[in-house]
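Encoded as structure tokens, the structure appears first; notes follow it.
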Amino acid sequence: MARIRSVHPGQWTDEDFVECDYPARLLAIAIRNEADDQGVFEWKPRALKMRLFPADTLDLADLLDELVANRIVRRFEVEGKAYGAIRNFRRYQRPKKPNAVYPLPADLRDYVAIGSDELTPGADEGDGSEPVGNQFGTGGEAVSETAQQMEEEGGRMEKEEGEESPSNEGVPSRVRSTAPAGPTAQEISLAVDLYNATAEQSGLPRALKLTDKRRRALVARLRDCGGLPGWEVALEKLAASPFLTGRTDRGFRADLDFLCQERSFTKLLEGSYDDRRPAPGARPTNAVTDAIRNVIRRADASATQSFDDLDL
């Protein structure tokens, strides 16, 4: 979830910053919106490209490498997943109640400027922290409830206008539901963009129009898989599936509507459409060969059933 961040005036003359090319300097600022309150973000160049530069032809992998080379960010891995840490992030970003979404190794706490005497991210710092000032308010007026909420939550974006949500009207605040809201309009649009990027690479039909029916289906599927990270996992499995990408003698190719069907999406995540063929050059025993053939037959039967269920 994107967050509101501030820019210090000294940013523009920082020696490492000015050594970067213009697109990399812009990325160095934009990446803060994607970071959690520790200054950690997911190292996913393709997703960052769609979120931060959707209309530009840029190679985010190269730009991230440039930021690493100029000591602005540092790449690290935890349990096989790649992340980035922003240098001195907490020196200039001061959320009232820091929330740690991603892991941060102990040896990088100084790098992001989380001091040893500071509370653990996610704990309530109370009045001891110095929140970033509201740049858009008037000096003599009290901070609005919305601005206060954004400040306390680390500047997270509020729900898009017109987005459906359960009504809390007339319900006391102490008993209102605290369940997470559904995907925002921005996240739904990004989900379509990520699908289209995958479709272009895999030879699948692109989605040209976001109809109300597709929007409702996307909302449901994003909730099923836990948001955009789960959606990206589904797209990776889609691109790797020979059946869904037309790389079998059946010639079937999935589209966005197929992907958004509850049954199809569930089977995709559960691996029903995975490539079950043995690797080239493998020499399995007879027992292994028989087991592989059984798996392929079950997958083919499952895929055929899904094809027959389509409303064509």
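- Within a 6.0 Å sphere centred on CD of Glu77, heavy atoms belonging to other residues, nucleotides or ligands number more than 12.
- Inspection of the Arg247 and Thr245 side chains reveals an N or O donor paired with an N or O acceptor under 3.5 Å.
- A side-chain donor-acceptor contact under 3.5 Å links Asp59 to the backbone of Asp62.
- Proximity of a side-chain donor or acceptor of Asp212 to a complementary backbone N or O of Arg215 within less than 3.5 Å is not detected.
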Criterion side chain to side chain contact (heavy atoms under 4.5 Å, CB included) on Ile31 and Leu48, from CA distance to verdict: CA-CA 8 Å; Ile31 202 73; Leu48 292 172; 3.8 Å; yes
Stepwise, does the side chain to side chain contact (heavy atoms under 4.5 Å, CB included) test hold for Arg3 with Asp37? CA-CA 9 Å; Arg3 297 159 176 84; Asp37 294 338; 3.9 Å; yes
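- Between Pro95 and Arg90, the shortest heavy-atom contact is CD-NE, 4.2 Å.
- Of the possible polar contacts, none joining the Arg75 side chain to the Leu64 backbone as a donor-acceptor pair under 3.5 Å is found.
- The main-chain N or O of Gly203 is found under 3.5 Å from a side-chain atom of Arg253 such that the two form a donor-acceptor pair.
- In terms of modelled atom types and a separation under 3.5 Å, the side chain of Arg221 and the main chain of Cys260 share a donor-acceptor contact.
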Passes ring pair (Phe, Tyr, Trp, His ring centres under 6.0 Å), Tyr273 versus Phe252? Steps please. CA-CA 12 Å; Tyr273 300 119; Phe252 173 73; 8.2 Å; no
List the steps, then state whether side chain to side chain contact (heavy atoms under 4.5 Å, CB included) holds for Arg250 with Phe243. CA-CA 8 Å; Arg250 299 178 184 275; Phe243 174 73; 3.6 Å; yes
Quick one, Tyr195 with Leu238, criterion side chain to side chain contact (heavy atoms under 4.5 Å, CB included). Give me CA distance, side-chain angles, the key distance, then yes/no. CA-CA 10 Å; Tyr195 165 79; Leu238 170 66; 4.2 Å; yes
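- In this structure, OG1 on Thr184 lies 8.0 Å from CG on Leu228, to the nearest 0.5 angstrom.
- Minimum interatomic distance between Ala61 and Pro45 (heavy atoms only, all atoms of both residues): N-CB, 3.8 Å.
- Taking each heavy atom of Arg214 and Lys209 in turn, the nearest pair found is NH1-O, 2.7 Å.
- Of the possible polar contacts, one joining the Gln93 side chain to the Ser6 backbone as a donor-acceptor pair under 3.5 Å is found.
- Tracing side-chain contacts under 4.5 Å through hydrophobic residues (I, L, V, M, F, W, Y), one never reaches Leu190 starting from Val233; they form parts of separate clusters.
- Taking 4.5 Å as the limit, every side-chain heavy atom of Leu52 sits out of range of all side-chain heavy atoms of Leu26.
- Val40 and Pro103 get closest at one heavy-atom pair: CG1-O, 3.7 Å.
- Without hydrogens or angle criteria, Thr198 side chain to Leu194 main chain gives a donor-acceptor distance under 3.5 Å.
- Within the 4.5 Å cutoff, the side chain of Val112 has no heavy atoms near those of the Ile86 side chain.
- Atom CG of Asp107 is surrounded by more than 12 heavy atoms from other residues, nucleotides or ligands within 6.0 Å.
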Please evaluate residues Arg51 and Glu232 with respect to the criterion salt bridge (Lys or Arg N to Asp or Glu O under 4.0 Å), reporting the C-alpha separation (whole Å), side-chain torsions for both, the decisive distance (0.1 Å), and the verdict. CA-CA 13 Å; Arg51 291 172 185 163; Glu232 292 179 41; 3.8 Å; yes
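- Interatomic distance, OG of Ser241 versus CD of Glu236, reported as 13.5 Å (0.5 Å rounding).
- For Glu15, the CD atom sits in a loose shell: 12 or fewer heavy atoms of surrounding residues, nucleotides or ligands are nearer than 6.0 Å.
- With hydrogens and angles ignored, the 3.5 Å screen pairs a side-chain donor or acceptor of Trp231 with a backbone N or O of Ala191.
- Here the side chain of Asp14 pairs a donor or acceptor atom with the backbone of Asp16 at under 3.5 angstrom.
- Proximity of a side-chain donor or acceptor of Asn70 to a complementary backbone N or O of Ile72 within less than 3.5 Å is not detected.
- Under the 4.0 Å criterion applied to side-chain N and carboxylate O atoms, Glu42 and Lys44 are assigned as salt-bridge partners.
- Linking ILVMFWY residues whenever their side-chain heavy atoms come closer than 4.5 Å, directly or via other members, leaves Leu208 and Leu256 in distinct clusters.
- Results of the ring pair (Phe, Tyr, Trp, His ring centres under 6.0 Å) test with Phe76 over Tyr111, Tyr83, Phe41 single out Tyr83 as the only residue that passes.
- Residues Pro229 and Gly226 share a closest heavy-atom pair of CD-O, 4.3 Å.
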